[in-house]
Number of protein chains: 2
Amino acid sequence: MSPAPAHRDDEAAFLAAYDPRDFPAIALTVDIVVLTLREGRLNVLLVERAGQPFQGQWALPGGFVKAGQEGLDEAAARELAEETGLSAGALRRVHLEQLGSYGEPARDPRMHVVSVAYLAFAPDLPDPRAGGDAARAAWTPVVGPHGGGTGGRNSTERGSADRELAFDHGRILADGLERARAKLEYTPLAAAFLEPEFTIPELRAVYEEIWGQKLHPGNFHRKVLSAPGFVESTGETAERGGSRGGPRARLYRAGDARLLHPALLRPDAEEPDAR
Amino acid sequence: MSPAPAHRDDEAAFLAAYDPRDFPAIALTVDIVVLTLREGRLNVLLVERAGQPFQGQWALPGGFVKAGQEGLDEAAARELAEETGLSAGALRRVHLEQLGSYGEPARDPRMHVVSVAYLAFAPDLPDPRAGGDAARAAWTPVVGPHGGGTGGRNSTERGSADRELAFDHGRILADGLERARAKLEYTPLAAAFLEPEFTIPELRAVYEEIWGQKLHPGNFHRKVLSAPGFVESTGETAERGGSRGGPRARLYRAGDARLLHPALLRPDAEEPDAR
DNA sequence: CTCCGTTGTTCTCAGCTTGAGTATTTCTCA
DNA sequence: TGAGAAATACTCAAGCTGAGAACAACGGAG
């Protein structure tokens, strides 16, 4: 149940007498894992902290929820707009969903700060601008099951940025990456990383980068076209063929499905206890 | 990023001068959707509110997070123990996971209260005791894609309790039920609703009740036994056959898998736009 | 301008999984 | 003691998956 000192007045009188300051303070922030693809590589938006604590370290963009003024989703959308400098129209192309909440008492040395984390998928965005209490903001390549490899499962498991992050943002980022990998399996959200019109090989490149492994072009093509509502044809074809040759691919738009049936399964999922 | 008025002192001095009361207050609670099966029916734990607001209405169990003293998971486990009166040992058999956070400014008329919702799966538990600011506490049958039917997809979609809930707890409950249905597909958590040793028909009954539809006994049996780590045989068989006849079923224990490969798919998933 | 190597798209095919139905045997209940 | 029900095991056709090949359309290097 929610807050309720057991007063017995009628509701109006109760509310008039109510003093929020009676409650011990917990601060509430939203932090956002914004993922995008830049030149085919997965990047996450990070900001350099201008103030204490963790001054000079990199962290996820985010900020306080404005008490009494905005909901969690609104706060996340506002922070996202502020940090990326995007217009409301451009923001509509970004997928934003709640990732989870993090509330260890010691995660922030100042006081008990609970953070509601969000996950965003964006098409290639312009360079961010620093603002607020951020010294700098920058797109940062994500390492992990990624890198240059053909997709082995070695190196840093789970995935992370190539900098040590402030607070518990390293864990939040890892959780966001795992969520992103899972979401590609059963939703058509991979298209959120691309322009409104895209080719199937471009879509395949999104999967390959985020899953960290090559996919069979023919089978991927077949699955995408057979999943109802995943993509719809525009009838057009791309201006040019691939950078290294090959015919021009057909162009598609995202379909109206929200879930994929059947799902596109990763060649070999995780299982913490595989073997 | 997290809270950071841009002071420039060194970190120790900064922390000494820091006053949490400088920040506008948002209250933080945890609310728990505790699901269990009683006599084969899905039930959720509800409490009747003793105080304002929503006095006399039913709500999800929950309460404040103790600022500076406990994390979110800890708070949820504590509330769960308090409301169910369960020992630490019995609680270890309950599955508890974070469901999501709800923070509309107007969801609580007193002030801005953000609730972190948790979802719990429990085996048949004793009747709860009222406590704290709850007048009563009771297991309440869940309606929705359930009921007496053989599993049509009519009546109240999404699922809910048969009482109007306080705050936005109706929505939280609906989200919890949908999460539960999805979790049964790709995790072995259905076993969390049963005793440590159970038969495959009992496991099937869990799926049938939560998904609201009958499953093919033979195919279900085959899938469960072929999914690695789902169940492991005890070598024993049940004391008695089914209540209406039939041979005694073999007993199994939950296996060590955390994810099911391949998943047990529901005969026909949702799709908000499935005509 | 001409090859050569790449790549988009379509097919084929064997192996596996799934859904549905059946057979057999063991119980409970009346 | 007999009828009906349920636990398991099997069978079979249909659909899906992974792997590989075919073929044509393009970009780039000489």
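All heavy atoms count here, side chains included; hydrogens, waters and symmetry mates do not. Quick note on labels: first sequence line is chain A, next is B, and so on, each numbered from 1.
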Exercise for the section: Report the distance from atom CD of B:Glu202 to atom C1' of D:dA6, rounded to the nearest whole Å. Expected result: 13 Å
Problem - Whole-Å gap separating C1' (C:dT10) and CZ (A:Phe220) - result: 16 Å
Practice task
Grab the NZ-P distance between A:Lys214 and C:dT7 for me, whole Å please.
Solution key: 9 Å
Problem - Ion pair B:Asp175/B:Arg171, N-O distance below 4.0 Å - result: yes
Fill in the blank from the handout: Per-nt protein contacts along nucleotides 10-22 of chain D (heavy atom under 4.0 Å; B base, S backbone sugar-phosphate only, - none) come out as -B-----BBBB--
Problem - Whole-Å gap separating C1' (D:dA7) and CD (B:Glu236) - result: 17 Å
Handout entry: Residue of the set B:Leu60, B:Leu45, B:Leu96 for which side-chain contact (heavy atoms from CB on, under 4.5 Å) holds with B:Ile32
Key = B:Leu96
Problem - Set of ring pair (Phe, Tyr, Trp, His ring centres under 6.0 Å) partners for B:Phe220, sequence neighbours left out - result: B:Tyr207
Problem - Approximate separation, where rounding is to 0.5 Å, of A:Leu99 CG and B:Gln98 CD - result: 9.0 Å
Practice task
State the CG-NZ distance between A:Leu259 and A:Lys183, to the nearest 0.5 angstrom.
Solution key: 8.0 Å
Practice task
State whether the side chain of B:Thr36 and the backbone N or O of B:Pro123 hold a donor-acceptor pair below 3.5 Å, judged by distance alone.
Solution key: yes
Fill in the blank from the handout: Under a 4.0 Å heavy-atom criterion, the protein footprint on nucleotides 24-30 of chain D, written with B, S and -, is -BBSS--
Practice task
Round to a whole Å and report the spacing from CG of A:Leu203 to P of C:dG8.
Solution key: 12 Å
Handout entry: From CA spacing to verdict: side-chain contact (heavy atoms from CB on, under 4.5 Å), B:Phe230, B:Leu264
Key = CA-CA 11 Å; B:Phe230 194 172; B:Leu264 263 82; 4.1 Å; yes
Practice task
State, with a plain yes or no, whether a side-chain heavy atom of B:Pro267 is found less than 4.5 Å away from one of B:Leu215.
Solution key: yes
Handout entry: Value in whole Å for how far the C1' atom of C:dT18 lies from CG of B:Leu264
Key = 12 Å
Handout entry: N or O in side chain of B:His221 less than 4.0 angstrom from D:dA7 OP1/OP2
Key = no
